[in-house]
Amino acid sequence: MNAGCVILAYILLVGSSSGSKAGQPLKPPCRPGFSQNFYTVIVSRDVLHGRSILKDTTLSSERVKFEDCQRSREVGFVSSDPNFSVRPDGTVYTEQEVANLSEPVQFMVTARGLHDPHIWETTVKLALAGHPHPLPLTKVGIEEMLSRVWDSQPRVIKFPRRHQRGSSANGLRRQKRDWVIPPINVPENSRGPFPHMLVRIRSDQDKDVGIRYSITGAGADQPPSGIYNIDPISGNMFVTQPLDREERASFHLRAHAVDMNGNQVENPIDLYIYVIDMNDNRPEFQNQVYNGSVAEGSKPGSSVMQVTAADSDDSTTANGMVRYRILSQTPHSPIPNMFTINSETGDIVTVAAGLDREKVSQYTIIVQATDMEGNLNFGLSNTATALISITDINDNPPELTVRTFSGEVPENKVNVVVTNLTVVDRDQPHSPNWNAVYRIVSGDPSGHFTIRTNPITNEGMLTVVKPVDFEMNRAFMLTVVVSNQAHLASGIQSSLQSTAGVTISVQDVNEPPIFPVNPKMIRFEEGVPAGTTLTVFAAQDPDHFIHQIVRYSKLSDPANWLKINRTNGQITTMALLDRESIYVKNNVYEATFLAFDNGSPQASGTGTLQIYLIDVNDNAPVLVPQEAQVCERARPNSRVNITASDADADPNVGPFVFELPSFPASVRRNWTISRLSGDYAQLRLRIPYLEPGVYEIPIIVSDSGNPPLSNRSLIRVKVCPCDDNGDCSTTGAVAAAGLGTGAIIAILICIIILLSMVLLFVVWMKRREKERQAKPLLIDPEDDVRDNILKYDEEGGGEEDQDYDLSQLQQPESLEHIINKPTGVRRVDERPVIAESQYPVRPSLPHPGDIGDFINDGLRAADNDPTAPPYDSLLVFDYEGSGSTAGSVSSLNSTSSEDQDYDYLNDWGPRFKKLADLYGGGDDD
C-alpha cells in the first residue's frame, strides 16, 4: 500500500466465545451478523483536496462491526459496488481511482462463510464531510449510479482454482481458500433491451476441452423460472425481463461447467444477484381517515394521535424513508397551526393553547407522507385525513336561569312536583360534566322535599316526599345549589348563579277526621248484658281554621254486638259478648267505625276498636269420649280412660272432678271410677262379670272455676265377650250392639220371604212363556206373524251409499261370457239366461186359512223355477236403486218333492216355533 494511503473504513470480524470466565457475568447469547443494518462513513475533505482517490487507498478508520460466534469460521466480505472492496481483515478500500465524493455513494456489503450457506448484508454510505447528514441521494445521482452498474463492461467470472501453498518446515501444506464471487447488481424496472447480458462465466480449461455452461436455482430452472439464462457455449449470462424488488429482492444461482460428455469440469460456483431498489412505490397510509382526540384546554406539546404510512421500497434507502407534514387545518380557530407532526414518527401534538370544545369541537387535518426522506422534488407522496375531536372537560359550571323559583303544593300530598328548576350548562350534554345535581341547603329541616334531576332536560324537579300540614306550615323558603356530577376542572370557580331560592306555598284542603288512638284497646269481662256502654270512640277534625261537624257510623261489626252514637261516638253493646264466639280471635273482638265531616268535599276517616274479653266460668265441662268398649269379665286391661273438654280458659278449666251418681244404684254397684291425673280418670267394672250389652253410664264432671260448674254426661259402654287378647269377638260385637236372638230370627225370616218371592216370580214368567207358545197360530192377533213387521235396524240406502265395491257380488252387465260357456259348465251362483217364473202374489187382505195354500204355492213355484240355483247364492229380493244390479242375498233351500221338511224351524227360536208345529209335523200341545 502507498505511503499516501488513507484508511477508508474497517469491517471487523469479531469473535466471541460462548462461555465466560470464572467470576465474570454471563453474556447474552451470541447472534452472528452485522451490528447495524446501515452505516454512514464521513470522508474528510483533506483527503480529497486537489487530487483523486488512487487505487488501494483507504479513507477512514470507521469500522462496521460483524459478530461471528464461531472463531473457526472464515468469513468473506463482498461489496456490491465494483469501485470498492473489502479485505479479509474488514478494511474497505478502492478497487479503482475515484475522482471525488461530491455526491454520496451507497453500496451493499455481504458477509458469507466460506463453508456456511448463511449470508448477512449491510449498507454502507460514503459522504464527504460538510454535507448535511443524512444526505439524501438525488434523482440524478441514482441514475448515474445505476447506469454505472448497468452499463459498465460486464465482468468475467472465472471458476476458482485450488492452489497449494507451502507452510512450515515439517512439510505440511494447506489449501488456499476459494474466491468469494462478488454479487451481481441488477436495477429493478429496467426498460431493456432484453435479454441483457450481466456477466460471463468462464473456465480456464475451455482451451483444452469443450465446455458447456449452465445455471440452476430460483429464477433459472426453478420458479420463478426463465428470468435468467446462460449461453451454454460462450457462458454469457442474461436477464430476460424487468425485475421487481418488492416481489423478490435477491436471487441465488449456481453456475456449472461440464464437458461434452456431461462430466463435471469445475466445481459449481454461487452467484448472488441483488435487485437494486428504485423509488417506484408511494407511501400508503394504513387508514384514509384517522380519528384522535385531545382534551380541551390541553397544554402545548400534548399528544393527540399518530398516523403511519408504509412504503414498499427499501426502507434502508431513501426510497423507503417516509417523512410526514401537515398540509392544512380546518378550521383556523384560534390559529391556523394548532397542531404539528413529527416528520419521522407521525405523532401529532398540540403547539398552542386555546383548545375550547364549546367553540370548536373538531379539527380536520390533512397529513402528507413523502418518501425520499421528504424530498418534495423527487419523492412520491400520499395524503390522509386526521379528525381530531376536542373532548370536554368540566370548565363551565351549571347556572340556574333565575334567582328565585316559586310553587305551591296541597297539604298531605306526596310525590307531587312543586316546580321545575331550569339550568344552563355549556359542557357536552348528557355527560358527567353536564348532568346537574341539586341540593337543598336550607329551609327544609324536616326533609319534606327533595330535588330529582330530569335525565333528558337536566331540570331539577322539586318533589314532596313527606306530607306538609297547612295548619303547621303555610309556606317554605328553600335555598338550592346546583353542581355537576364531575368536579370542576382545575382553576374553574363556581358561578354565583349556581344558587337560587324557592318559595313554596301550602294549600289548605279538607282533611278527614282522625281518631287520636287507632286502634283503641279496651278490656271487659265476657257476658256483659246488652245496652252496656263500653267506651266513647271519638275523632278529631284537624282543620282547626274551619268549624265542621263530625258524625259516626259503624263500618264493620262481624258479630253485630255493638252500636255507635252518631253524634258523640259512644259505643254500646246490642248483645251478650261471648269470648267463646267464633268471631273472637285470641280473646280480642275487633270492630271498625267511620268518622266523617260535613266539609266540601266530604272527608272521612276510620278507626278500629279492639275489645279484650276476660273469661268467666260460663261453660260446663263435657265428657270425652262419648262411647267406649269393655270386656264382660273384669280384666286388667278392660278399662276406659276418660277426660273432659271445657270451652273456657284457664283457670276455669281443669283439673276436673269425675264422679258416679248415687242414682241409679246399679251404676255404683257395677262400675267404679278412679282419678289418674288432673284431667284424666279411669272407668272399669266393679263386679267380676257383666252380661254383654250396651250400657249408658252417667258421670258427673266438674271444672275448677270459682264457683265450679258441673255437667252430668252419659257414656255408652259396650260390654262384650273378648278373646284371649282382650278384643271383642264378632259374635260378642253383634250381641253388644243390641241384637237379640229374636231380632236375628226375624232377619232370617225376612230374607227367606224375599228369596221365595223372587223364585215365584221366575216360575210365573216361565209358565207365561210356555202358555204363549202353546196357543194356536190364528187365535191371538198379537201373535199373528203375517202382518207383524219387525224393524230391526236401519241399513241405509243400499249399495249406493257404501264406500266398498260390490261389483263382485253384482249381476254382470253382460251375460255373453255366460251364454258362450260349454254345456254342463256353470257356476252355481250364476242365473240362467231365460225367462223368470212368476211367483204367486199374496192378496192384500188374506184370510187366515189361506196362509197354508199361499206357502205351498210359493214353494211349488220355487221348485219349478229353472232360474233358481241349486245352492245358496245371490238372489234379488227387492229393487234397491238404479245403481244396484246385485242379485238376491239368500234363498230357501227347496226341492222338487212335495214333502218339505220344516224341522229346522225348531232351531230358529220361539217366533218360528208355531210354524214348525204347523208345517213341520210337530206334536200339538
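Sequential numbering from 1 along the given sequence is applied to the chain's residues. Since the structure is predicted, the reported quantities are computational estimates derived from the model, not experimental observations. FYI, side chains are in, hydrogens and waters are out, and symmetry mates aren't considered; it's all heavy atoms of this structure.
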Does the pair Thr592 and Ser556 meet the rule for a side chain to side chain donor-acceptor pair (under 3.5 Å), with working shown? CA-CA 5 Å; Thr592 306; Ser556 172; 4.6 Å; no
So Met477 and Ser442, side-chain contact (heavy atoms from CB on, under 4.5 Å) or not? Walk me through it. CA-CA 8 Å; Met477 296 295 297; Ser442 65; over 6 Å; no
Could you tell me whether a side-chain N or O of [X] sits under 3.5 Å from a main-chain N or O of [Y], the two making a donor and an acceptor?
X	Y	value
Asn415	Val465	no
Asn484	Asn435	yes
Ser581	Asp578	no
Asn420	Met461	no
Thr573	Gly531	yes
Thr533	Thr572	no
Asn586	Val588	no
Thr643	Val624	no
Arg579	Ile614	no
Tyr438	Ile451	no

Steps toward side-chain contact (heavy atoms from CB on, under 4.5 Å) verdict (Val480, Arg439): CA-CA 5 Å; Val480 298; Arg439 293 181 297 112; over 6 Å; no
Check against side-chain contact (heavy atoms from CB on, under 4.5 Å), Ile571 and Phe593: CA-CA 10 Å; Ile571 305 296; Phe593 300 92; 3.6 Å; yes
Rounded to the nearest 0.5 Å, what separates atom [atom1] in [X] from atom [atom2] in [Y]?
X	Y	atom1	atom2	result
Asp356	Ser361	CG	OG	10.5 Å
Asp425	Trp434	CG	CH2	8.0 Å
Asn711	Asp703	CG	CG	10.0 Å
Glu525	Leu577	CD	CG	11.5 Å
Leu683	Phe658	CG	CZ	11.0 Å
Asp557	Ile564	CG	CD1	11.0 Å

Taking C-beta and beyond as the side chain, do [X] and [Y] meet within less than 4.5 Å on heavy atoms?
X	Y	value
Thr419	Ser406	no
Val657	Val701	no
Gln540	Pro513	no
Phe596	Arg551	yes
Glu411	Asp469	yes
Val719	Tyr695	yes
Thr450	Ile440	no
Val640	Ile642	yes

In terms of side-chain heavy atoms, does Asn454 have a donor or acceptor partner in Glu459 at a distance below 3.5 Å?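 Checked: Asn454/Glu459 side chains show no N/O donor-acceptor pair below 3.5 Å.
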Can you tell me if Ser431 and Asn433 form a side-chain donor-acceptor pair at under 3.5 Å?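 On atom types as modelled, these side chains do not qualify, holding no pair under 3.5 Å.
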Please report the shortest heavy-atom distance between [X] and [Y], naming the atom on each side.
X	Y	value
Ile393	Glu296	N-OE2, 3.0 Å
Pro621	Ala644	CB-CB, 4.1 Å
Arg669	Ile687	O-CG2, 3.5 Å
Leu562	Lys554	O-NZ, 2.9 Å
Val423	Ala436	CG1-CB, 4.3 Å
Thr391	Ser293	CG2-CB, 3.7 Å

Regarding Glu696 and Arg716, does a basic nitrogen lie under 4.0 Å from an acidic carboxylate oxygen?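 Salt bridge present between Glu696 and Arg716.
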Given [options], the one that forms side-chain hydrogen bond (donor to acceptor under 3.5 Å, both in side chains) with [X]:
X	options	result
Asp392	Arg426, Arg357, Gln428	Arg357
Gln507	Arg474, Lys413, Glu408	Glu408
Thr422	Thr401, Thr457, Asn458	Thr401

More than 12 heavy atoms of other groups within 6.0 Å of [X] [atom1]:
X	atom1	result
Phe524	CZ	yes
Leu748	CG	yes
Arg675	CZ	yes

Looking only at the aromatic ring of each residue, does the gap between the centers of Tyr583 and Tyr589 stay below 6.0 angstrom?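 Not close enough - the centres of the two rings lie 6.0 Å or further apart.
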Parallel under 30°, tilted from 30 to 60°, perpendicular over 60°: which one fits the rings of His448 and Phe476?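 Tilted: the ring planes of His448 and Phe476 meet at 30° to 60°.
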Look at the rings of Tyr552 and Phe515 and say which category their plane angle falls in: under 30° parallel, 30 to 60° tilted, over 60° perpendicular.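 Tilted: the ring planes of Tyr552 and Phe515 meet at 30° to 60°.
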Taking it one step at a time, do Lys520 and Thr535 satisfy side chain to side chain donor-acceptor pair (under 3.5 Å)? CA-CA 10 Å; Lys520 183 177 181 180; Thr535 185; 2.9 Å; yes
Compare the SG-SG distance of Cys631 and Cys728 against 2.5 Å and report whether it is shorter.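 Answer is no, sulfur atoms not closer than 2.5 Å.
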Leu660 vs Trp671, side-chain contact (heavy atoms from CB on, under 4.5 Å): CA-CA, chis, key distance, verdict: CA-CA 8 Å; Leu660 292 175; Trp671 303 90; 4.2 Å; yes
